[in-house]
Structure formats: C-alpha cells, structure tokens
2 protein chains.
Amino acid sequence: MKSKLAFALIAVSLAGSAAAQLKPEDAIKFRQSGYAFMAWNMGRIKASVEGQFNKDEVIKAANAIQAIANSGMGALYPAGSDHGTGWEKTRVKPEFFTNKEGVAKVAMAFNKEANEMAKVAAAGDAAAVREQFGKLGATCKACHDDFKIKH
Amino acid sequence: MKSKLAFALIAVSLAGSAAAQLKPEDAIKFRQSGYAFMAWNMGRIKASVEGQFNKDEVIKAANAIQAIANSGMGALYPAGSDHGTGWEKTRVKPEFFTNKEGVAKVAMAFNKEANEMAKVAAAGDAAAVREQFGKLGATCKACHDDFKIKH
C-alpha cells in the first residue's frame with residue numbers, strides 16, 4: 001500500500017509538472033489571448049447595451065466570457081512569467097506574484113460576475129444585461145487597477 | 001406605421017454597422033486570440049489523454065473550446081481582413097473569403113465536434129475523451145489544411 005501511495009503521489013506530481021511545462025512566453029501569449037478574446041466579447045455586449053439589443057449576440061458573448069473565466073487561467077502565470085513577451089511584452093505587475101490574497105479576491109469577484117452575466121444573458125432582459133455588464137466590467141477594472149501596468 | 005418601420009430598419013442597419021465597425025487589424029487580433037486560447041485548451045486535453053487523466057482539467061478546457069467555437073467568430077472575418085496584422089500577420093488564405101460553402105462545411109464540423117467534446121468531457125470517461133479529442137483535432141486540421149497558410 002505504501003508503495004502504491006508513493007507511486008500515486010509521483011504520478012500526480014509528474015502530471016502537475018507536465019501541466020506546468022508551459023514556457024513562460026507561451027503562458028504569456030495564452031493569457032493575453034484569453035483577455036483579448038474576452039475584450040472582444042465585452043465589446044459585443046456593450047454594443048447591445050448601448051445600441052440595438054441583440055439577445056443572441058449577448059448570450060454567445062457572455063458564454064465565451066464565462067467559459068474563459070472558469071478555465072483556470074491561474075495556470076497561465078507560472079514562475080518566470082512575471083517578465084517576458086508573449087504576443088507582446090507582459091504588463092503584469094510584480095504584485096500579482098506576491099499578493100496572492102489580493103489576486104484571489106479579484107479573481108473570485110470576476111468569476112462570480114461572469115457566471116451571473118451568463119445567467120442574465122440567457123434570461124434576455126436588456127436592462128438587467130446593462131446592469132450586470134456594469135458589475136462585470138467593474139471586476140475587470142479592479143484587477144487592471146491593481147495588477148496591470150498602464151500603457 | 002410606415003415611418004415606424006423605416007425607423008426600425010434604420011436602427012437595425014445602424015446596429016449592424018456598429019457591430020461590423022471592427023477594424024480589420026482588431027478583428028485579426030481577436031480571431032488569433034480565440035484560436036490561440038483554444039490551442040492552449042487542446043494542449044490541456046492532450047496532456048490528460050497522454051498522461052495522468054484529470055477530469056476537471058478536461059471539463060474546463062472543453063467548455064472553453066465549446067464556448068469559443070459557438071461565439072460566432074465568423075464576425076471576425078470582415079471585408080478587408082484578408083490581409084493585415086493583428087498580433088501577427090494573418091495567415092488566412094484568400095480562399096476563405098471566396099469559398100463560402102467550404103468554410104461553412106469545416107466550421108460546422110468543428111462546432112459539432114466541439115459541442116460533443118464538452119459532453120464527453122462532462123461524462124469523464126478517459127477513453128471516450130481520447131477518441132473525441134482525435135475527432136475534434138481532425139476538424140481543426142481540416143480547416144488549417146484548406147484555409148491557413150503554412151509557416
């Protein structure tokens with residue numbers, strides 16, 4: 001039993017390191033891609049909120065944001081990815097790697113509002129979508145304020 | 001009534017053009033982001049299929065791919081985006097903009113297998129995930145073969 005447990009622990013550890021084998025520049029590229037794709041989808045919801053409301057557009061956009069938010073992007077911040085270039089030079093602040101509590105707080109707020117956005121989108125009420133879009137955008141901004149270097 | 005209808009048509013048309021107002025370079029950047037983010041998630045499923053199977057990882061990855069596949073990325077190929085640079089120079093072939101039937105065929109196959117991938121991931125059977133991963137990857141390749149310029 002002892003050796004079985006030891007083997008299991010080694011297997012888990014190897015799987016963990018295989019998952020962590022992303023090169024910093026690839027991790028940076030993938031996380032920049034996730035944020036950029038969410039930005040496109042936030043723009044689509046904004047267009048619906050400010051112009052002609054398009055329920056189908058809002059649903060597709062909100063579902064994409066929700067799935068990306070829940071995809072586990074934390075894995076895209078491996079050691080060594082505090083500096084470096086993916087599609088472009090990373091703008092992550094050093095605080096992201098030291099203030100774990102602060103990161104967890106903004107990440108959880110973002111996930112909560114992204115999940116709620118998908119629910120509200122499915123219901124299709126334009127006024128509710130507008131309100132939830134504001135709440136979701138505020139969680140994006142909170143993270144950018146604390147952890148993203150301004151241009 | 002006539003003027004109401006005319007107004008409605010103008011509103012729809014304006015909303016349509018607002019949605020289409022993406023600059024070619026932004027559209028290219030957003031679509032490159034979507035594909036890159038899916039590539040990360042395909043890699044995560046591959047790691048589970050080839051190494052230690054991690055149901056939770058596979059579900060999160062498959063859900064992200066499914067939502068991106070269903071997000072309506074066709075809108076990211078506006079007129080003028082056949083050439084240009086987003087994160088990098090676009091590698092789309094001219095045929096993408098002329099062979100609408102061919103594009104629809106590969107896009108529908110990809111969506112179908114991405115939706116199936118999410119279902120299979122949720123069920124959590126490693127062998128089924130491996131098989132479905134192969135089918136999904138084949139639809140990626142089919143599109144790349146026909147519509148993406150090789151490096």
Side-chain angles (χ1 to χ4, degrees), chain A residues 8-22 26-48 50-54 56-76 85-88 114 118, chain B residues 8-22 26-48 50-54 56-76 85-88 114 118:
Chain A
L9 287 175
I10 290 166
V12 168
S13 155
L14 286 176
S17 61
Q21 264 168 9
L22 271 183
D26 289 334
I28 295 169
K29 182 187 275 197
F30 290 142
R31 72 198 189 203
Q32 289 171 339
S33 296
Y35 295 126
F37 201 76
M38 288 195 287
W40 172 50
N41 286 289
M42 287 297 280
R44 297 164 80 187
I45 300 176
K46 188 167 186 274
S48 248
E50 294 181 350
Q52 178 79 14
F53 189 76
N54 183 328
D56 184 51
E57 274 279 296
V58 170
I59 289 174
K60 289 192 281 188
N63 285 349
I65 292 166
Q66 179 186 36
I68 295 172
N70 288 284
S71 67
M73 286 185 69
L76 295 177
T85 299
W87 290 117
E88 64 184 9
Chain B
L9 287 176
I10 289 166
V12 168
S13 154
L14 285 177
S17 62
Q21 263 170 8
L22 273 183
D26 289 335
I28 295 169
K29 181 186 275 197
F30 290 142
R31 72 197 188 204
Q32 289 171 340
S33 296
Y35 295 126
F37 202 76
M38 289 196 286
W40 172 50
N41 287 289
M42 288 297 280
R44 298 165 80 188
I45 301 176
K46 188 168 186 276
S48 249
E50 295 180 350
Q52 179 79 13
F53 189 76
N54 183 326
D56 183 52
E57 274 279 296
V58 170
I59 289 174
K60 289 192 280 188
N63 285 350
I65 292 166
Q66 179 185 38
I68 294 172
N70 288 285
S71 68
M73 287 184 68
L76 295 177
T85 299
W87 291 117
E88 63 184 9

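Not measured: the values here are computed from a predicted model. Each chain gets a letter, A, B and so on, in the order its sequence line appears, and its residues count up from 1. Worth knowing before you read on, the calculation uses all heavy atoms, side chains too, and leaves out hydrogens, waters and symmetry mates.
- A:Ala61 does not touch chain B: none of its heavy atoms, backbone or side chain, sits under 4.5 Å away.
- Contact detail for A:Gly72 and B:Trp40: the closest heavy-atom pair is O-CH2, 3.7 Å.
- Atoms CD1 and CG, on B:Ile59 and A:Asn70 in that order, are 12.0 Å from each other to the nearest 0.5 Å.
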Stepwise, does the side-chain contact (heavy atoms from CB on, under 4.5 Å) test hold for A:Phe37 with B:Met73?
-> CA-CA 10 Å; A:Phe37 201 76; B:Met73 287 184 68; 3.9 Å; yes

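- Minimum heavy-atom separation, A:Gln32 to B:Trp87: O-CZ2, 4.2 Å.
- By number of non-hydrogen pairs under 4.5 angstrom with chain B, the leading residue of A:Ile68, A:Asp56, A:Asn54 is A:Ile68.
- With a threshold of 4.5 angstrom between heavy atoms, B:Arg31 does not approach chain A through any atom at all.
- Note: B:Lys29 NZ to A:Ser33 OG = 10.5 Å, rounded to the nearest 0.5 Å.
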